[in-house]
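Working notes, beginning with the structure itself.
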Amino acid sequence: TTEEETRIGFSLEEDEKLELAADGRKMNVIFSTDCSLYQQWQSYLFFFSAFRVRQPGVITRIASGCTDEEKKRTEQWHNDHIAVISNR
C-alpha cells in the first residue's frame, strides 16, 4: 500500500495546491496548547475545521509544559490523527 492509498484526507496534489493562498502568499497559522487531553480534543477540532474549509498554508501546534511521556503521546496522536489528513 502506498501513502496515497492509505491517506484519509487530502491527496498529495490537493495538499500541494493548498500550501499557498490564492494570491500566492504563504500563510502560517500557529496556536499554542498544553498537553492535557482537553487541549488534545480542542487541537483536533481546530485542525479538522481548518482542513474542512481548505485553509491554505501551514498549521502549527505548539504544545508546551509537557512531560516526556506527554510529549511522546502528543507526537503519536499527531501522527495518528493529523498527519494522515495533511502533510501541511
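Since the structure is predicted, the reported quantities are computational estimates derived from the model, not experimental observations.
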What do you reckon, are the aromatic ring centroids of F46 and F51 less than 6.0 Å apart?
no
Q42 side chain to Q39 main-chain N or O, any donor-acceptor pair under 3.5 Å?
no
Kindly work out whether a path of hydrophobic side-chain contacts (I/L/V/M/F/W/Y, heavy atoms less than 4.5 Å apart) joins V84 to V58.
no
Calculate, to the nearest 0.5 Å, the distance between atoms NZ and SG belonging to K72 and C35 respectively.
13.0 Å
Report yes if some heavy atom in the side chain of K71 is under 4.5 Å from a heavy atom in the side chain of T67; otherwise report no.
no
Q55 CD to M27 CE distance, which is reported to the nearest 0.5 Å:
5.0 Å
List the steps and the verdict of side-chain hydrogen bond (donor to acceptor under 3.5 Å, both in side chains) for N79 and E75.
CA-CA 6 Å; N79 292 334; E75 288 173 348; over 6 Å; no
Below 4.5 Å, heavy atoms only, C-beta onward: do R61 and V29 meet side chain to side chain?
no
Is it the case that one hydrophobic cluster holds both W77 and L45, taking links as side-chain heavy atoms less than 4.5 Å apart, direct or via other members?
yes
Sequence neighbours left out, what passes side chain to side chain contact (heavy atoms under 4.5 Å, CB included) with E16? Give chain and number order.
E19
Do F47 and S86 come within less than 4.5 Å of each other through their side chains, counting heavy atoms only?
no
When rounded to the nearest 0.5 angstrom, what is the spacing between OG1 in T33 and CD1 in I62?
9.0 Å
Under a 4.5 Å cut-off applied to non-hydrogen side-chain atoms, are R25 and L20 in contact?
no
Using the rule given for side-chain contact (heavy atoms from CB on, under 4.5 Å), can you reason through E70 versus D34, listing the C-alpha separation, both sets of side-chain angles and the distance that settles it, and then say yes or no?
CA-CA 10 Å; E70 288 172 324; D34 61 25; over 6 Å; no
Rounded to the nearest 0.5 angstrom, the CZ-CG distance for R73 and D68 is 12.5 Å
Tell me, please, which residues at least two apart from R52 pass salt bridge (charged side-chain N to carboxylate O under 4.0 Å, His left out).
none
Identify whether I59 and W41 are in the same connected component of the hydrophobic contact network (ILVMFWY, side-chain heavy atoms under 4.5 Å).
yes
Between F48 and F31, is there shared hydrophobic-cluster membership here, with clusters defined by ILVMFWY side-chain heavy atoms closer than 4.5 Å?
yes
Mind listing the closest non-hydrogen atom pair of A63 and T74 along with its distance?
CB-CG2, 4.4 Å
